[in-house]
Structure formats: C-alpha cells, structure tokens
Amino acid sequence: MIKALIFDYGGTLDTGGNHWGQVLWHAYQRCSVPVSEQQFREAYVQVERLLGSQPVIQPDFTFRQTLATKISLQMQFLELSQSYGPTLVDAVYRLTQQHTAHNVEVLTQLKSRYVLMLVSNFYGNLSVVLREFGFDGLFSKVVESAAVGYRKPDPRIFQIAINALGLHPSEVTVIGDSIKNDILPAKSLDCHTVWYKGEQWTDAPSHQMVVDRIITDLAELSQIMR
C-alpha cells in the first residue's frame, strides 16, 4: 500500500513536466530574442553551473527574483541587451503561476489520502518559492539539495526523505519529470515511480521501461493511485 508521495519541484510542479531549458527557450522564441537555440543552450548550461556552484541566489529570493537573475546572467553570457529581461521574466512568470495554481489544487486533494514530501535540487530559497506559489503547508517535509549536501541523482537525498517518513521504500511513490534525476535513483531504492512526461532537454533514450507509470498532467495521479 502506498502511504506517501515524494515530489520533485523544478520541472515537475512548476512547468507541467517540461524541462526548464525548453520552457525558457520557447519564451526566447516568443519574445523574438535574436539568438540561436544552440547559443541559448550553451548559455543555459553555463548559468546553471554557475548557480549550482556559487551562492548567487540568496536565501530570501522569490522565484521572480531567481528567474530575473538567471535571465540576466544568460543575457550577459550571450552578450545581449538586458532590455529583453523584463519581457522574458513576465512571460515565464505568468506561465509558472498557471502551472503552480493547477498543481496546488491537485496536491491539496492528494494530501487527504497521502503524506506528501518534496525532494528538490534547488538554490537554498525553496521555502520562499513554495510560499510564493501557495505550496506551503502541503508537504510534511522538504528536502532541498542546498540544505542537505546531496544533489540528485544521488539516491541519498531520497533516502533522507524516506527515513524521515519512517516507511519502507515500497510504501513510497516518487513523482518527477527526470528519468535520470528522479526515476532511476528512486528505483534504486525500491520506490514506486511516476514519470511526469513533458518536453525533454534532449532526445536521448528515456529508459521508459524502468518507470511504473507515466502521466502528462499531475491530475492523473488521483486516478492511477487508486
């Protein structure tokens, strides 16, 4: 019997299962930013590496501030005018609000049946972001990479959450958008898995065979978990 659900955050609860790189690239296209997809991808990767290694994002940053910082750094890397920034931030933030509002409703319903937890690679400001979008109070525990010293796909970050639950891994289902970061480490611990399948960063084989269930909308969980 499944007693607890462990969710990923970025790319799962805030984008509809789509990789953040793809979300931003499509925003660049809609806003007619003069850059090729390959140039954008290089900028995206370099900025993510920087943010993962340096304390650029402060603990009190909201998601809007985090997003604005990312885009500003991407503009610098691409040697583009910062004037594109506000338009990009507004467009992406509105989309994020839509996804998170929908998923808050879904999680509120699931909370009556399961213990909910969150395991995320994030920058140290996840609690602020969760309050910003109305997720606060839904999770019994939040395990953030910046706080515990482990990053996905290291299964130890999931083990911390499972230990806090006091459950056997077979009583836990992990839901995430990434086969590499969410599904494979969860399976290595014998958890059940649900892949929130959206637009991927690459066309590499997805190893779908390792997944127990696949969804394209978080609302599907209410049906498949019965």
Verify side chain to side chain donor-acceptor pair (under 3.5 Å) between His102 and Asp217, making sure each step is shown before the conclusion. CA-CA 10 Å; His102 169 67; Asp217 188 314; 2.8 Å; yes

Run Met75 and Ser81 through side-chain contact (heavy atoms from CB on, under 4.5 Å) and show every step you take. CA-CA 7 Å; Met75 294 295 108; Ser81 169; over 6 Å; no

List the steps, then state whether side chain to side chain donor-acceptor pair (under 3.5 Å) holds for Asp14 with Thr96. CA-CA 6 Å; Asp14 57 358; Thr96 305; over 6 Å; no

Please walk me through it: do Val194 and Ile214 pass side-chain contact (heavy atoms from CB on, under 4.5 Å)? CA-CA 6 Å; Val194 176; Ile214 299 175; over 6 Å; no

Ser170 and Asp190: CA distance, side-chain angles, deciding distance, side-chain contact (heavy atoms from CB on, under 4.5 Å) verdict: CA-CA 6 Å; Ser170 64; Asp190 294 325; 5.9 Å; no

Carefully, step by step, assess Thr173 and Met225 under the rule side-chain contact (heavy atoms from CB on, under 4.5 Å). CA-CA 9 Å; Thr173 293; Met225 296 301 298; 3.8 Å; yes

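Between Thr216 and Glu220, the side chains place a donor N or O and an acceptor N or O closer than 3.5 Å (distance only, hydrogens not considered). Ser178 and Asp8 share no donor-acceptor pair across their side chains, judged by distance under 3.5 Å alone. Between the side chains of Ser36 and Gln39, at least one donor N or O lies within less than 3.5 Å of an accepting N or O. Inspection of the His192 and Glu171 side chains reveals no N or O donor paired with an N or O acceptor under 3.5 Å. For the residue pair Gln22/His19, the side-chain donor-acceptor check at 3.5 Å is not satisfied.
With salt bridges taken as basic N to acidic carboxylate O contacts below 4.0 Å, one links Lys70 and Glu48. For the pair Asp182 and Lys187, the salt-bridge criterion is not met [side-chain N within less than 4.0 Å of a carboxylate O].
Scanning both residues, Gly124 and Ala146, for their nearest heavy atoms gives N-CB, 3.5 Å. Listed here is the closest heavy atom pair of Ile71 and Gly85: CG2-CA, 4.0 Å. For the pair Gln200 and Gly17, the tightest heavy-atom approach, listed with the atom from each and the gap, is NE2-O, 4.4 Å. Looking at every heavy atom in both residues, Arg156 comes nearest to Tyr150 through CZ-CE2, 3.3 Å. Lys152 and Ile157 get closest at one heavy-atom pair: CG-CG2, 3.9 Å. Between Ser145 and Asn121, the shortest heavy-atom distance links the atoms OG-CA, 3.2 Å.
Two residues are said to be in side-chain contact when any heavy atoms from C-beta on lie closer than 4.5 Å; Val128 and Gln65 fail this criterion. A 4.5 Å side-chain heavy-atom check between Ile175 and Trp195 finds every atom pair outside the cut-off. Two residues are said to be in side-chain contact when any heavy atoms from C-beta on lie closer than 4.5 Å; Phe7 and Leu107 meet this criterion. The side-chain heavy atoms of Pro169 and Phe158, taken from C-beta on, include no pair separated by under 4.5 Å. No side-chain heavy atom of Leu218 sits less than 4.5 Å from a side-chain heavy atom of Leu110. Looking at Lys180 and Pro153, their side chains come closer than 4.5 Å, going by heavy atoms from C-beta outward. For the pair Gln29/Glu37, no side-chain contact is recorded, criterion being any heavy-atom separation below 4.5 Å from C-beta on. Side-chain contact check for Leu95 versus Gln98: some heavy-atom pair is nearer than 4.5 Å.
Both Leu51 and Tyr9 belong to a single network of hydrophobic side chains, linked directly or stepwise wherever heavy atoms of I, L, V, M, F, W or Y lie under 4.5 Å apart. Hydrophobic clustering, with ILVMFWY side chains joined whenever heavy atoms are under 4.5 angstrom apart, groups Leu13 together with Phe61. Taken together through direct or relayed side-chain contacts under 4.5 Å among Ile, Leu, Val, Met, Phe, Trp and Tyr, Leu189 and Ile179 form parts of separate hydrophobic clusters. Residues Val174 and Val211 fall into different hydrophobic clusters, defined by Ile, Leu, Val, Met, Phe, Trp and Tyr side chains chained together at heavy-atom separations under 4.5 Å. At a threshold of 4.5 Å between side-chain heavy atoms, the hydrophobic network of Ile, Leu, Val, Met, Phe, Trp and Tyr places Tyr114 and Met117 in two separate groups.
Atoms CD and OG1, from Glu132 and Thr62 in turn, are 4.5 Å apart once rounded to the nearest 0.5 Å. Interatomic distance, CG of Leu80 versus OG of Ser72, reported as 11.5 Å (0.5 Å rounding). Considering CG of Leu116 and CG of Leu138, their distance stands at 7.0 Å, rounded to 0.5 Å. Atoms CD1 and CG, on Ile183 and Asp212 in that order, are 8.0 Å from each other to the nearest 0.5 Å. Between the NZ atom in Lys197 and the CG atom in Asn18 there is a gap of 12.0 Å [rounded to 0.5 Å]. Once rounded to the nearest 0.5 Å, the distance linking CG of Leu73 with CD1 of Ile57 reads 7.5 Å.
Residue Lys111 qualifies as enclosed at atom NZ: its count of foreign heavy atoms under 6.0 Å is above 12.
In this structure, Asp177 contributes its side chain and Tyr196 its backbone to no donor-acceptor pair below 3.5 Å. At distances below 3.5 Å, at least one donor-acceptor pair connects side-chain atoms of Gln58 with backbone N or O atoms of Pro55. The backbone N or O of Pro185 sits less than 3.5 Å from a side-chain atom of Ser188, completing a donor-acceptor pair. A donor-acceptor contact shorter than 3.5 Å is absent between the side chain of Gln46 and the backbone of Arg41.
In this structure, Trp201 and Tyr44 have tilted ring planes: the angle between them lies in the 30° to 60° band. Note on ring orientation: taking the six-membered ring where Trp is involved, the planes of Tyr93 and Phe133 are tilted (angle from 30° to 60°).
Within the 6.0 Å centre-distance limit, the rings of Trp20 and Phe63 are counted as a close aromatic pair.
For the side-chain contact (heavy atoms from CB on, under 4.5 Å) with Leu118, the lone residue among Val143, Val142, Leu5 that qualifies is Val142.
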